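Okay, structure first, notes after.
Predicted, not measured: the structure shown is a model, and the values here were computed from it.
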Amino acid sequence: MYKTPVIVVDYNPIWAQRYLEEKQRLTDALGKFLVEIEHIGSTAIPNQKAKPIIDIMLAIQKLEDFPSLLPNLEKLGYQLQDVGMKERYFLQYYDQTIKQHFHLHIVTMKHWSTRKERLMRDYLLEHPQAVQAYGCLKEQLAQKYPNDSLKYTQAKTQFIQALLDKAYSKLGLDPIDVWNDD
């Protein structure tokens, strides 16, 4: 999973529409189990350079419900990935028709309002100068680690931690480590 080519591209407004279409498919497939669903990651931020992967986070009440949801997700083409994260499930899907990758993060409502992925997205939406700086960093790191997305991701840690610290501070919360799964 991690030793894949790292390609960073300019923002594409089609990503918002593709998220909405995928949100509808997921909502139809998961029904009452789905509590919240949002577009996260760089493709959710206008003008943000990004790997062209649409990240979606959805919340269910309890992770114990996940095994009963997996068959419906597999019917949609999603494949469960073992990435060693606790308190979440991670699935991938590639839509051959539209040539689009999707990453699905399934979590519980326990920490929904303070999920770091959501807070980072919201911080970037409010701070265009951070969007530009993050885009430049991504381009540099994609050139430095063109075939290792794990090293690419790890190299962004300091920048992301600084953004998250600001986002948590704004909410009056103590910062958490960027690699914390909660």
Side-chain angles (χ1 to χ4, degrees), residues 1-26 36-59 78 81 83 85 88 90-95 98-107 111-171 173 175-181:
M1 178 185 135
Y2 290 113
K3 298 280 186 175
T4 58
V6 177
I7 300 166
V8 173
V9 299
D10 288 336
Y11 176 77
N12 187 339
I14 193 89
W15 293 333
Q17 181 60 38
R18 289 190 173 159
Y19 160 72
L20 291 173
E21 292 164 359
E22 195 62 17
K23 175 183 177 181
Q24 188 61 56
R25 282 182 2 114
L26 290 163
E36 294 283 351
I37 185 168
E38 291 185 1
H39 188 183
I40 61 167
S42 293
T43 60
I45 303 160
N47 301 314
Q48 179 65 75
K49 293 181 184 295
K51 292 191 299 181
I53 298 167
I54 296 175
D55 282 283
I56 300 171
M57 181 168 278
L58 69 82
Y78 281 92
Q81 304 295 311
V83 291
M85 290 188 250
R88 92 166 61 198
F90 178 75
L91 299 96
Q92 293 180 320
Y93 165 59
Y94 180 71
D95 186 320
I98 61 172
K99 308 280 192 246
Q100 181 66 64
H101 288 276
F102 294 89
H103 286 177
L104 181 61
H105 307 257
I106 299 180
V107 299
H111 300 290
W112 184 257
S113 65
T114 57
R115 294 290 322 180
K116 63 183 174 285
E117 299 87 352
R118 295 178 68 245
L119 293 178
M120 183 168 168
R121 176 206 56 206
D122 293 349
Y123 184 88
L124 287 167
L125 287 170
E126 295 173 8
H127 297 88
Q129 72 283 5
V131 170
Q132 184 178 3
Y134 192 36
C136 290
L137 176 64
K138 290 171 145 204
E139 286 182 318
Q140 291 168 3
L141 295 176
Q143 290 175 5
K144 186 172 183 177
Y145 304 109
N147 295 304
D148 192 333
S149 49
L150 179 59
K151 285 186 180 176
Y152 165 84
T153 299
Q154 290 171 333
K156 296 186 303 177
T157 299
Q158 185 176 359
F159 185 90
I160 292 169
Q161 187 69 59
L163 288 186
L164 285 174
D165 288 351
K166 292 174 187 174
Y168 277 101
S169 176
K170 182 178 173 185
L171 294 173
L173 300 170
I176 63 166
D177 185 277
V178 71
W179 290 99
N180 181 337
D181 284 335

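Checked options Asp55, Leu91, Ile54; the residue passing with Phe102 is Ile54 (criterion: side chain to side chain contact (heavy atoms under 4.5 Å, CB included)).
Taking each heavy atom of Leu119 and Leu171 in turn, the nearest pair found is CD2-CD1, 3.5 Å. Of all heavy-atom pairs spanning Ile53 and Thr43, the tightest one is O-CG2, 3.2 Å. Across Trp112 and Ala59, no two heavy atoms sit closer than the pair CE3-CB, 3.6 Å. Here the shortest heavy-atom pairing between Ser149 and Val6 reads CA-CG2, 3.6 Å. Here the closest heavy-atom approach between residue Tyr78 and residue Ile56 is recorded as OH-CD1, 4.4 Å. Heavy atoms only, all atoms of each residue included: Leu164 and Lys116 are closest at CD2-O, 3.4 Å.
One finds the CE atom of Met57 at 12.0 Å from the NE2 atom of His39 (value rounded to the nearest 0.5 Å). Once rounded to the nearest 0.5 Å, the distance linking CG of Leu141 with NZ of Lys151 reads 12.5 Å. Between the CG atom of Asp177 and the CG atom of Asp165 there is a distance of 9.5 Å, given to the nearest 0.5 Å. Note that NE2 of His105 and CD1 of Ile40 are 4.5 Å apart. Values are rounded to the nearest 0.5 Å. We find the CD-OH distance between Gln140 and Tyr152 to be 11.0 Å, quoted to the nearest 0.5 Å. Here CD1 of Ile45 is found 12.0 Å from OH of Tyr123. Values are rounded to the nearest 0.5 Å.
Under 4.0 Å is where a charged nitrogen must lie from a carboxylate oxygen, and between Arg115 and Glu38 no such pair does. Contact check on Arg25 versus Glu22 returns a salt bridge, with a Lys/Arg side-chain nitrogen under 4.0 Å from an Asp/Glu carboxylate oxygen. A salt bridge is defined here as a Lys NZ or Arg NE, NH1 or NH2 lying under 4.0 Å from an Asp or Glu carboxylate O, and Glu36 with Arg118 fails to meet this definition.
Two residues are said to be in side-chain contact when any heavy atoms from C-beta on lie closer than 4.5 Å; Gln154 and Trp179 meet this criterion.
Using a 30° and 60° split on the angle between ring planes, His101 and Tyr94 fall in the tilted class, from 30° to 60°. Under the 30°/60° scheme for interplanar angles, the aromatic rings of Trp15 and Tyr11 are found to stand perpendicular.
In this structure, the side chain of Tyr168 engages the main chain of Thr114 through a donor-acceptor pair within 3.5 Å.
Applying the 6.0 Å contact sphere to CD of Gln129 captures more than 12 heavy atoms from other residues, nucleotides or ligands.
Side-chain contact check for Glu139 and Gln143: no donor-acceptor pair (N or O, by modelled atom type) lies under 3.5 Å. In this model, a donor atom of one side chain and an acceptor atom of the other lie less than 3.5 Å apart for Tyr134 and Lys156. Lys138 and Ser42 share a donor-acceptor pair across their side chains, judged by distance under 3.5 Å alone.
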Q: Please test Asp10 against Lys49 for side chain to side chain contact (heavy atoms under 4.5 Å, CB included), starting from the C-alpha separation and ending with a verdict.
A: CA-CA 5 Å; Asp10 288 336; Lys49 293 181 184 295; 2.5 Å; yes
(Q) Could you go through Glu126 and Lys170, starting from their C-alpha distance and side-chain angles, then the distance that decides it, and tell me whether this counts as side chain to side chain contact (heavy atoms under 4.5 Å, CB included)? (A) CA-CA 12 Å; Glu126 295 173 8; Lys170 182 178 173 185; 2.4 Å; yes
Q.
Checking Leu104 against Leu26 for the side chain to side chain contact (heavy atoms under 4.5 Å, CB included) test, could you report, in this order, the C-alpha distance in whole Å, the side-chain angles of both residues, the deciding distance, and whether it holds?
A. CA-CA 10 Å; Leu104 181 61; Leu26 290 163; 4.0 Å; yes
Q: Tell me, with the steps shown, if Phe159 and Val178 meet side chain to side chain contact (heavy atoms under 4.5 Å, CB included).
A: CA-CA 10 Å; Phe159 185 90; Val178 71; over 6 Å; no
